[in-house]
J.: 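Mind having a look at this structure? Questions to follow.
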Amino acid sequence: MEDRLAPVSESTKGTLLLVDGLSMAFRAFFGLPVENFATSTGVPTNAVYGFTTMLATLMKDHEPTHLAVAFDLPGGTFRTERLPSYKGTRDETPPEFEPQVPLIREVLGALGVTAVDKPRYEADDLLATYARLGREAGLRVLVVSGDRDTIQLVNDDVTLLYPRKGVSDLVRFTPDAVQEKYGVRPEQYPDMAALVGETSDNLPGVPGVGPKTAAKWIGVYGGLAGILESAEDVPGKAGQSLRDHVDQVRLNRELNHLLTDLEVEVPVEDLEYAGGDAAAIHEVCDALQFRTLRDRLLPFAAGDDAAEAAVETAAVVVRSEGAVAAVTAMTGPVAVHVDGRGGADADAWALGVADAADVAWGIDLTGLGPADEKALAAWLADASVPKVLHGAKDAWHALQARGWDLAGIVGDTQIAAFLVNPDQRGFELDQILQRHLGLTLDSAAASGELDLGLGGSAAEGAGERAAHVRALAAVLDPMVAERGMADLYADLEIPLVSVLARMEHAGMAVDREKLGALSDEARGRADRAAEDAYAAIGGDRVNLGSPKQLQEVLFDRLGMPKTKKIKTGYSTDASSLHDLNEKAPHPFLTALLAHRDASKLSQIIETLAQAVQPDGRIHTTFSQVVAATGRLSSKDPNLQNIPIRTPEGHRIREAFVVGEGFDTLVTADYSQIEMRIMAHLSGDSGLIEAFAAGEDLHRFVGSRVFGVAPEGVTPEMRSQVKAMSYGLAYGLSSFGLARQLGLPVGAAQALMDDYFSRFGGVRDYLHAVVEQARKDGYTETIFGRRRYVPDLTSTNRQRRDIAERVALNAPIQGSAADLIKRAMLGVEARLKDEGLASRQVLQVHDELVVETAPGERAAVETILREEMRAAGDLSVPLDVNVGTGGDWRTAGH
DNA sequence: TACTATCCGTT
DNA sequence: GACGTACGGATAGTAT
């Protein structure tokens, strides 16, 4: 019995793996603690995780050629029709289990595993039927079930894997193993079970008869039929008990017989396993937040034909000799890969180029002669040679670091992969190759960090990767086009790469002294507030930065009322602390809030100060492949979350200054861009009129909602309407609105009702956009950028609700992102056309910052105004505010 | 060292 | 019973 999990001997015709879905999911559920397995949104995943792990192990160990997972359907079966109390003693399934069943089916779908079910029949009956069909087809059959009834299926061709504990410890039942454990042959097991009874099925047995007696009788009388025939002769107390319960035994035997002759929808030959879909596996692993499991599932992905064709072309011969001459003679289109890093102390060290189906060139850039240097630099800077890269902006920087320009970028497979599915995570070359071509690079080659001492290997690696990029482009370009995003890709995202590269390269000048003074100040305030906080609790120097220790102080020691629940207890966030301070005022709370404020500030300042480069400027890194809505993101440091609301925030912005040799900073931002997009997309006449009128939007809307003259709109009314308007674009509920405005839910609901009665087009649009997305599976911006929202059809309420908010927000936020990106291209083109030396240095979602050269301020203001306005042709005007100053704060006013 | 949880800054 | 999008990033605490 210890020979569990050893692969069965494979027959020449293959192996059929049959799994009882629910019984194994249930075992997984109870085998793994539910509290340790959930997504960040609280969806429990322990059963999905355990089940999937088990399945992956089985698939890997046994390499089944045919595969099916059978499910019980809700509702009764022919057995409960026969006996309503059948399985009647089972406890109510835990509420965390049910929602995981559709998730398991999603995993199976991604893996390409057939799920089978049949109304009025149990999964076991399907297993029994498929076991017979598989056996008749000459397949070796493996049944995996936690239901003992399936023991009857075991024979020379059918082995049962039965969970002993959890789902990772499976016992292998062959006929001999069954005989050894139960003392009967597998086909006699139901006879035995009929006599002994099955508590889990609510089938009582013969009192006083256990497995030993049952086995003995079966041995003596040859089976249940013989036993019942000779019932009168069965001796002893047990014999009498048997005679008293003959009807029950007959019923048991009738019910525990599994049907092997069901009509099945899927013939057994269609259970042949053809592999899963890599993209779908990624998608489901993303959704369920599976990390380690992803790597175990991906090997089951089948490459499709297109991908395989592309992989073929990626099988390259890499050549280094004569590479420079060969490459510089190319007129494109070519795939280019650059190894190296941008930045102050590193540059490009290897270049790979691929343009033919089977030859790629690799060049070691570290040992080039002057002639080669010149030729290569010219070729890279030649805009008439079209080039495709993966992460072109990084390559741009790496080449720039050695003084070379990169031009002619016509494609970026990283961006293409992002457009195809922006919700994915991880767009590094090796990840995208894995995802779309099923290719696995070895980690050294994939990372591009090859040892320079290995002679030509860096060059060869670069050549190989260039070939892979070429293959990727061949697969991804049609996918982008298929999704209607060819123009968005070629005319917006790709040209933007160079614009962003130049912005990052330029950076923003910083007044170090100002920053330093601010830092000291904030540090001092934080320290003083900390002392106040310690004093307020009797001098105990708890770590104020530790939510855990704060919880202990607030809720245990001070006995304060509980705040909102979080995973680790009760929240100590700012809004909770404010609430607490109203309910139970305490000097500790005030001091803690002040400390939080000051230390956050000093932390931000410290991070910024540390990010200043030797050139006295901060160079952020923008990404086009992070925010699923299409917004840019900024990191190292993030310049898109610099404080602005507080006086201290203003002072931080004052430290961002115009650089030497330049004149001013000009900042231009769209006014109410999201509401304008809402007006355009919804076509609501009231909202369009509001913008056409050109007066204060929230005042206008407020006057309509509250039925007063615009002058009669109080600041209170205005702020309520403003919160309402913006909340709409985020899928705000009346509860959320109430909480934000400090109103009763009823009042918030009334406000929403009034709003919608005046702006019905908005309500209709919001409703329609979700419906359309549910139908199509994706949302779209004005410019055709897609975001897929599969969870709109999820049976899980929470997932569905989140998906609805995503569907509401994505077209609005995404269209705004498209607009400002278009504006950036327009601004860049105008600056160049007009021969100006001013340059864009920052984008913050609805705001552009330009550093102007002397004498160009007026021209730049005009360009910003015009290009931002002209970025889209909407049914409402795009209003732009422009400001100028020697620092970011001043310009922003 | 790597990862999770919490908190908080922006739009 | 929860309940507003999209991010980046610091810190604490825990797992490896």
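By convention in this document, chain letters (A, B, ...) are assigned in the order of the sequence lines, proteins followed by strands, and residues within each chain are numbered from 1.
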J.: Between the base of B:dT10 and the side chain of A:Q640, is there a donor-acceptor distance below 3.5 Å?
T.: no

J.: Nearest to the A:Y726 side chain among B:dC7, C:dG4, B:dA5, which nucleotide is it?
T.: C:dG4

J.: Write down the distance separating the P atoms in B:dA5 and C:dC3, rounded off to the nearest Å.
T.: 16 Å

J.: Can you tell me which nucleotide in C:dA6, B:dT10, C:dC3 comes closest to the side chain of A:N641?
T.: B:dT10

J.: Measuring from the side chain of A:R787 (C-beta onward, heavy atoms only), which nucleotide among C:dA6, C:dG4, C:dA10 has the closest atom?
T.: C:dA6

J.: Looking only at side-chain N and O atoms, does A:T629 come under 4.0 Å of OP1 or OP2 in C:dC7?
T.: no

J.: Should A:Q549 be listed as having a side-chain N or O under 4.0 Å from OP1 or OP2 of C:dG13?
T.: yes

J.: Can you tell me how far C1' of B:dC7 sits from OH of A:Y570, to the nearest Å?
T.: 19 Å

J.: Can you figure out which of C:dC7, B:dG9, B:dC7 approaches the side chain of A:V626 most closely?
T.: C:dC7

J.: For the residue pair A:W888 and A:F656, does the interplanar ring angle fall in the parallel (under 30°), tilted (30 to 60°) or perpendicular (over 60°) class?
T.: perpendicular

J.: Rounding to the closest angstrom, what is the interatomic distance between C:dA2 and B:dC7 at atom P?
T.: 16 Å

J.: As a test of reading the structure: which of C:dA10, B:dC7, C:dG9 is closest to the side chain of A:K635, going by heavy atoms?
T.: C:dG9

J.: Between C:dT5 and B:dT4, how far apart are the C1' atoms? Round to whole Å, please.
T.: 23 Å

J.: Taking atom P of B:dT6 as reference, at what distance in whole Å does atom CZ of A:F555 sit?
T.: 13 Å

J.: A:R800 near the nucleic acid: base, sugar-phosphate alone, or nothing, with a heavy-atom cut-off under 4.0 Å?
T.: nothing

J.: Tell me the interatomic distance from A:L544, atom CG, to C:dA10, atom C1', rounded to whole angstroms.
T.: 16 Å

J.: Below the 4.0 Å mark, does C:dA2 have OP1 or OP2 next to a side-chain nitrogen or oxygen of A:R797?
T.: no

J.: Rounded to whole Å, how long is the line connecting atom CG of A:D597 with atom C1' of C:dA10?
T.: 15 Å

J.: Salt-bridged, A:D887 to A:K514, with N to O below 4.0 Å?
T.: no

J.: Whether the side chain of A:R631 and the base of B:dT11 hold a donor-acceptor pair under 3.5 Å is what I'd like checked.
T.: yes

J.: I'd like to know whether A:R822 forms a side chain to side chain contact (heavy atoms under 4.5 Å, CB included) with A:L492, so could you lay out the CA-CA distance, the side-chain angles of the two residues, the decisive distance to 0.1 Å, and finally the verdict.
T.: CA-CA 7 Å; A:R822 288 163 61 96; A:L492 185 69; 3.5 Å; yes

J.: Specify the separation, in whole Å, of atom CG of A:L601 and atom P of B:dC8.
T.: 13 Å

J.: Calculate the interatomic distance between A:K565 atom NZ and C:dC3 atom C1'; express it in whole Å.
T.: 18 Å

J.: Can you identify which nucleotide, out of C:dC7, C:dA12, B:dA5, has its nearest atom closest to the A:T568 side chain?
T.: B:dA5

J.: In this structure, how many angstroms lie between the C1' atom of C:dA10 and the CG atom of A:D636, rounded?
T.: 13 Å

J.: Side chain of A:S546 only, please: which of B:dG9, C:dG4, C:dA12 is the nearest?
T.: C:dA12

J.: Measure from the side chain of A:A627, starting at C-beta and using heavy atoms only, and say which of B:dT11, C:dG8, C:dA6 lies closest.
T.: C:dA6

J.: In whole Å, I'd like the distance from the CD atom of A:E674 to the P atom of B:dT11.
T.: 11 Å

J.: If you only use heavy atoms from C-beta on, which nucleotide in C:dG13, B:dT11, B:dA5 is closest to the side chain of A:K548?
T.: C:dG13

J.: Closer than 4.0 Å, any side-chain N/O of A:S633 to the OP1 or OP2 of C:dG8?
T.: yes

J.: What's the shortest heavy-atom distance between A:F783 and A:G872, and which atoms?
T.: CZ-CA, 4.4 Å

J.: Side chain of A:I566 only, heavy atoms from C-beta on: which candidate in C:dT5, C:dG9, B:dC7 is closest?
T.: B:dC7

J.: For A:D527, is there an ion pair with A:R523 - N to carboxylate O distance below 4.0 angstrom?
T.: yes

J.: If the plane angle is over 60° it's perpendicular, under 30° parallel, otherwise tilted; pick one for A:F588 and A:H586.
T.: perpendicular

J.: Is A:D573 salt-bridged to A:K564, cutoff N-O under 4.0 Å?
T.: yes

